[in-house]
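Data first, discussion second: the structure below is written as structure tokens.
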Amino acid sequence: MCTKSVHSIITCDQDTHVSMDVFTFDNVSYVSPLPSIPQLRWEKGTAPRFNAILPKSMRYVPPENLLTALSLIAALSKTYPAVRFIFQEPRGDAEDMFDFNAYVKQLPQKTLQTASYSDETPLDVTSSDVFFCMDWTSVLLWQAHAALMTKHGRPRTPFYYFIQDFEPGSVPFSSTYGQILATYNHKHYTHAIINSLELGAFFRRQGFSFAKTYTLKPSLNAAIASWLRSVDFMLPAKPKSPLMLVVYSRPQILQNAFDAAMAGCKRFVDGLSRKERQNLRIVSVGDHHQHIDLHGMEVRSLGWLDVEAYINLLSSAHMGLSLKVSPHPSYPPLEMATMGLHTVTNAFYPGKDLTGNHPLLLSVSAPDPELIAASLAEAHALTRSQPTGATPVILPASLSIHSREEDIDKLRIAPIIPK
């Protein structure tokens, strides 16, 4: 006889506090990975309030994406007399806190609030709330608010959706995949702000449509831009020897295809002569890992570097390898090419093919080790044949040299006013 039961538990680990359902079939328990629906409590309110829903474990959000999101919050919240930052996890984690005042304009005239819905305490909402969502889990809060508005006979209020990547691609086909995909289907209510030209092209070609769509060209890292200005946009001559290959490493992030990157490096190294191997160094930047032996040549892991050390590394390196199985290009390959590295990256169809984006970018059609090795060999040959001396900076077509604030202002994002 098959028996089943359902109950809720609170699971806690070092990163999240999430309420999940436990399903028991024939005395075997299965934990649903789907996040619980936020519990809301209706309040009366008349003044429009801007609600910025912060992602879980913000320390894991790519720094440039987080800074862009905070700049968007600063720009969009200007329209509203009240601003609230909402946590999806308990407040007070020092690593996840920052100075909210720096991202809210016109203080102290505005009301500034913080809140959390990480536990069973309901979150107070009103019909005048407008939401800024940074990831798919934050859209669940808007969905719960929209359902509550319908229950109270009020029209649903549109929301801002800062789309940083195609998030379903981070999970297998599953119930979670379907729930993430569904967050893109609120057509008439979604004011989408898409994080790159390539990602915008992907969404268009996949047939997604939104009430309003704004496509943001990412800004070059401010410190790198400042350094380029300091050298009058002329890259200093790189050392003649040894040649250096920089690999962007995120071994735990499947989208970054670290296995394919290392397999490609191995095949590339295998094809070099003994003299060429002696004149080559390979280092990785990103998540720290054990040094990797490639038939006598070591890939040294430098871990995460501060921006000054990162600039120093790229200014003296010759080749780059940065993969991402995603329609979003990510910053590292674009930064590497900007700093004068012959850089191998990958395409993702439809939408992302960086061929022609910059003369130093080599884009493989798939993260296949043989294709990667062949492109690294091409980059190696180009590096050895290029003239020495200072070279002018060429900015990739996908990057903006202007500040985030300037580029956001150019979008002229329309304010959402609750009815």
Side-chain angles (χ1 to χ4, degrees), residues 17 37-58 61 66-135 137-162 189-191 193 211-212 214 404-405 408-409 411-419:
H17 297 249
I37 298 173
Q39 300 299 308
L40 306 182
R41 181 167 52 205
W42 187 260
E43 280 191 332
K44 290 183 178 180
T46 55
R49 178 170 59 184
F50 181 86
N51 294 267
I53 309 172
L54 303 176
K56 296 177 180 177
S57 300
M58 286 194 297
V61 177
L66 181 57
L67 290 172
T68 301
L70 294 172
S71 295
L72 282 166
I73 290 169
L76 297 175
S77 65
K78 291 188 293 187
T79 305
Y80 303 89
V83 178
R84 180 168 63 167
F85 290 86
I86 300 176
F87 292 82
Q88 297 185 62
E89 56 191 354
R91 288 172 287 176
D93 185 342
E95 292 184 270
D96 286 345
M97 298 294 287
F98 53 90
D99 183 7
F100 298 107
N101 296 287
Y103 298 98
V104 178
K105 306 297 184 184
Q106 301 169 340
L107 289 173
Q109 293 90 343
K110 289 181 181 289
T111 300
L112 178 60
Q113 304 168 327
T114 61
S116 171
Y117 65 89
S118 63
D119 51 30
E120 296 180 354
T121 303
L123 179 72
D124 293 331
V125 296
T126 76
S127 61
S128 301
D129 280 322
V130 175
F131 294 96
F132 176 85
C133 301
M134 289 178 58
D135 64 354
T137 60
S138 59
V139 178
L140 301 183
L141 175 54
W142 176 84
Q143 291 175 177
H145 182 262
L148 197 58
M149 293 281 278
T150 300
K151 178 181 177 181
H152 286 267
R154 305 297 298 269
R156 297 181 174 188
T157 302
F159 67 102
Y160 298 107
Y161 197 172
F162 178 40
Y189 301 101
T190 304
H191 290 211
I193 306 167
K212 293 184 182 294
Y214 306 92
R404 292 182 183 82
E405 291 72 20
I408 289 170
D409 285 343
L411 292 180
R412 300 187 179 281
I413 301 174
I416 295 174
I417 306 300
K419 295 181 180 179

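These numbers come from a predicted model, not from an experiment.
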Closer than 3.5 angstrom, by distance alone: can the side chain of Tyr160 be matched with the main-chain N or O of Ile416 as a donor-acceptor pair? yes
Does Arg84 offer a backbone N or O that forms a donor-acceptor pair with the side chain of Asn51 under 3.5 Å? no
Would you call [X] and [Y] a side-chain contact if the rule is heavy atoms closer than 4.5 Å?
X	Y	answer
Leu76	Pro415	no
Leu72	Arg404	no
Pro122	Leu40	no
Pro418	Ser127	no
Gln113	Val83	no
Leu123	Gln39	no
Phe131	Ile86	yes
Ile53	Val139	no

Report the residues that fulfil ring-ring contact (aromatic ring centres under 6.0 Å, His included) with [X], sequence neighbours left out, ordered by chain and then residue number.
X	answer
Tyr161	Phe159, Tyr184
Phe50	Tyr80
Tyr189	Trp142

Does either side chain, that of [X] or that of [Y], offer a donor lying less than 3.5 Å from an acceptor on the other one?
X	Y	result
Ser138	Gln88	no
Thr126	Glu43	no
Ser128	Arg49	no

Rounded distance (nearest 0.5 Å) linking atom [atom1] of [X] with atom [atom2] of [Y]:
X	Y	atom1	atom2	answer
Cys133	Leu54	SG	CG	11.0 Å
Thr150	His145	OG1	NE2	10.0 Å
Ile408	Thr68	CD1	OG1	6.5 Å
Tyr214	Leu411	OH	CG	8.5 Å
Phe85	Thr114	CZ	OG1	9.5 Å

Heavy-atom closest contact ([X] atom, [Y] atom, distance):
X	Y	result
Pro48	Pro81	O-CD, 3.3 Å
Ala414	His191	O-ND1, 4.4 Å
Ala74	Lys78	O-CG, 3.4 Å
Met149	Pro155	CE-O, 2.9 Å
Val125	Asp129	CA-OD2, 3.3 Å

